[in-house]
Structure formats: C-alpha cells, structure tokens
Amino acid sequence: MRMYDIIEKKRDGYPLTDEEIRFFIQGYTEGSIPDYQASALCMAIYFQGMNDQEISVLTDAMASSGDQVDLSKYGHLSVDKHSTGGVGDKTSLVVLPLVASLGVKVAKMTGPGLGHTGGTVDKLLSIPGYRIQLSPEDFSVQVSRIGIAVVGQSRNLAPADKKLYALRDVTATVSSIPLITSSIMSKKLASGAKNIVLDVKVGSGAFMKSPEDAHLLAEKMVHIGQMCGRNVTAVLTNMNVPLGNNIGNALEVKEAVGVLRGEVFGELRDVCEELASNLICMAFEISPEKAASMVRDAIDDGSAYRKMLEWISAQGGDIRTLEDLSLLPKAKFEYDICSTHNGYITKMDAERVGITSVILGAGREVKDAPIDYGSGIILYKKAGDPVSIGEKLCTLYTDREDKIPEAEKMFRSALTIGFTKPVPQPLIYEIIRSKKS
Ligand code: URA
C-alpha cells in the first residue's frame, strides 16, 4: 500500500477502505508517513468528506493507537462527559460528583485549559492539596471504592490524534466534521466509558459558532459513538455568553460548590442537571423524566455535595476550603467595572470575556504558562439585563495590577449596550440521543 495512492483516491472523492485508513493512522503514528503526506490527506478529507464507515474506522484506529482504559468491570455503569469548551464552564465540577452520588462510575481523565476557555485540571488544582496525578492502581481503587476519580491526562491516550491535531492546527484543516468527530470520539473511546454525554457549546465563545454547524457535528459524534459500541447523547448548549457568573479557577469552584449545596440556581444548575440526567438515563436505562428527578433529589438532599467532599478528600484536597469558601485562593487586587450607559446589555461576547480572564492571569495563552488560581471575573450583569450609569457590571480579580487597564478595555469591548431589551436566547438548543438498535 502506498500513501500516495491513498491521498490521490481521497482527492478524487472516493471512499477509503478500512485497511487504507488503518495503514495511514499506524504509519503516521509510528513516523513512517511524513507530515506533508498526512497534511495532504487531511486537506483531501476536508474537501471531499468521509462516509460514516470511514469515520468510524478512523475513530477506532486513532483510539487504538495508544493506551486504552478498560472499564468493562463496571458494565453499563461507567460514564464520561466531554465539553467542546466554553467560558465559565465548570459543569464537570458539578456533574461528575452528582452522577457518582447516584451510583454510576466516573473514571475521568481531563486536560488543562488553553486559550480563552478554562480546563478542569486548573480548576481542581485551585483546591489546596488536590492530587491531580494518581497511579493507575490508586485511580482504579478510588473509582471502585467511592465511584469517582478525576486525574490529569498522563496516559498515552490516542497519540495519533495528538499528532494529527497539532498538524491540522497549522494546516487549516481543523474545521472538518469527519476530522473533529474522529478526534474527539477517539479520545472518548480510549477513555473506556460506556455512556458518554457531549456538551456541544454553540456561540461566540465556542468552537461551533452556529446551531446548524453544532447540530451536524453533534449528530455525527453520537452516530459514530454508537457505531463504536457506546451510548452517546449530545446536548447543544448556549455559549454566546459565559456560563454562570464566575470565571476563573477558584471562583468557578465556588460557584460549582454553590450549585451542589443547592444555593445557586439558574442557567448553570439547569445545564448541569440536563447533562447529569442524560448520563443517568443512559446508565440506568430509565426515562429522561425519572433521571431528571433523581438528579434534582441528589442536589436537594445533599448527597451530591457530600460526594464532592468525599472525592476531593480522597484525592488529598483540603475540604475545609470547600466548607468555608473564603479559604480558597484569593487574588491580591479587586477592581469594579461600572456601566457608562443606560439601557440593556444586548450582547456579551463570551470569547472576549474569556480573553479578559486570561489577561487577569486565570488562563494561559501558551502551553505551560503559569496561572493564578484566585484570578478571574465575577459578573453581576449578563446579556438581557437592564443597566444604568454607574451600576456595577463585574469585579475583576487579579495578582497582576498592571494588567487591569488592558483587562478593562477587553471586557468593555465584549459588551454592547442598547435601548431595546434583546430577545432571550435558548439555553439548551437541542438534545441528540443514540438511537436504540
Ligand atoms: N477538539 C478536539 O479534541 N479535536 C478537534 O478536532 C476539535 C476540537
């Protein structure tokens, strides 16, 4: 088999065979196929697309290119959650202990944040003492014992995707549905869970800007996951504005704890309940209504919050900082931004708000850059809210006082204030479930 022929075949619009796809992934991962041929094939896929059989084989080949976590001993009870990334997205901190408190098994590997969206690893590391690395044995024992362990991704999961994604990033071939689908789903398959909920963010702060594009991607990921033997549900959620009010690591932990304690209501709790209900619905094969009521009860009776304390404590985290949130890391400087106009916030660009938090030190623009756990933003007003001159819009938190003017400029550029109250946008656009086979 020759890579040249595979590129030519896809360039001319023909489907590749299973063997050709596996030859490509194996050769590229090993290094026998060079970057220039891999990028030519990605570009051919970008223009010519792939059918479902090709995508499922590509996904499976990438998932099999490295370590694969075996959760088969938990049968149909293992669950995983993936978010395509958004600003203020702390849903994992709520959803994972919430579902674990209902008896499913969460064995989660997660990554640090890059760019304007935060990562779960950084949020967890803002809890003093939290151990983000566990040995594979300790990880497995903890999942069996308390139903949940969340670690940073250290294992060699889907190395083919890692290499290919870096290549796509510099060859303008990221935004191709077959390539995104196989990239995301290969990592989910390698992580081993039987039931997967995908939080597909839609809007200005997200990777998918329109509900139509998000629908196409979500439908494909659900279908390919099912072809590869997993139950998958995609929930399309709004990311035109940040989720919830707090952005930044320790600030997001505070808000997540508020939801689990039954003290924070609104959009954040609603999205978390939806994601959690869909996992419970798949794992226990019960109706969405029954699952939703179990999820609500687990928050209301305190079991979800108790599970969070048990989990954080098992991983070395100091739970006094959760019981008394004022003990979490705090930024040195606080700065209020007030409205200079009367009217309504007609737009709050989530991406720019996310960039503001990066300027303040809550996120990183380049890999391995240091971050300040106490930095970030608390929003008091969001899109649709009325504002008047002098009213507080948000507080900025930072250790980098010199960055405040730049952060204020970026935050103000995220807002549009007008005279007409904007039409409310949906929080959840759509839910796409695997079809029963
Ligand atoms: N996220 C991924 O993991 N892969 C993609 O291709 C795009 C977003």
Side-chain angles (χ1 to χ4, degrees), residues 21 24-25 28-29 35 38-39 41-47 49-50 54-63 65-69 80-87 89 91-92 108-121 152-153 155-193 196-210 213-225 228 230 232 234-237 239 350-351 354 363-364 367:
I21 294 170
F24 161 58
I25 289 300
Y28 187 55
T29 314
D35 279 349
S39 36
L41 183 62
C42 285
M43 192 57 87
I45 294 172
Y46 182 94
F47 282 113
M50 279 184 139
E54 290 175 284
I55 304 173
S56 84
V57 174
L58 180 62
T59 307
D60 182 64
M62 295 205 301
S65 66
D67 295 347
Q68 288 180 280
V69 181
D80 196 2
K81 161 189 177 295
H82 178 82
S83 161
T84 56
V87 179
D89 182 8
T91 53
S92 289
K108 175 116 186 104
M109 290 174 202
T110 182
L114 189 60
H116 69 279
T117 64
T120 302
V121 162
Q153 191 174 307
R155 293 176 67 175
N156 189 28
L157 296 186
D161 173 62
K162 198 168 179 192
K163 221 174 149 187
L164 211 50
Y165 189 74
L167 185 74
R168 286 165 54 214
D169 211 18
V170 292
T171 54
T173 49
V174 168
S175 55
S176 143
I177 286 196
L179 295 177
I180 301 173
T181 300
S182 52
S183 165
I184 293 178
M185 294 311 293
S186 63
K187 288 174 282 207
K188 293 292 105 185
L189 295 190
S191 304
I196 301 161
V197 73
L198 303 169
D199 181 1
V200 181
K201 304 283 186 197
V202 187
S204 66
F207 186 59
M208 288 283 140
K209 305 289 179 202
S210 77
D213 287 348
H215 172 91
L216 290 176
L217 174 65
E219 203 174 48
K220 200 52 85 185
M221 292 194 292
V222 168
H223 185 57
I224 296 301
C228 296
R230 310 297 164 98
V232 186
V235 182
L236 274 61
T237 62
M239 192 33 73
E351 183 169 4
R364 50 174 82 75
K367 210 166 151 268

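We count ligands from 1, going down the list as the structure has it; atoms in each ligand are counted the same way. Given the structure is predicted, the values throughout are model-derived calculations rather than measurements. Index from 1, following the sequence.
Contacts of K162 classified as salt bridge (charged side-chain N to carboxylate O under 4.0 Å, His left out), with partners at least two apart in sequence or in another chain: none.
Minimum heavy-atom separation, T171 to T173: OG1-OG1, 2.9 Å.
For the atom pair CG (L198) and CE (M185), the distance works out to 5.5 Å, reported to the nearest 0.5 Å. Here R230 contributes atom CZ and I224 contributes atom CD1; the two are 13.5 Å apart, rounded to the nearest 0.5 Å. Here CG of L179 is found 10.5 Å from CE of M43. Values are rounded to the nearest 0.5 Å.
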Please report the C-alpha distance between T181 and L58 in whole Å, then the side-chain angles of each, then the deciding distance to 0.1 Å, and finally whether the side-chain contact (heavy atoms from CB on, under 4.5 Å) criterion is met.
CA-CA 10 Å; T181 300; L58 180 62; over 6 Å; no
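Using a heavy-atom distance under 4.0 Å as the criterion, the protein contacts of ligand 1 are Y165, R168, I180, S183, I184, K187, F207.
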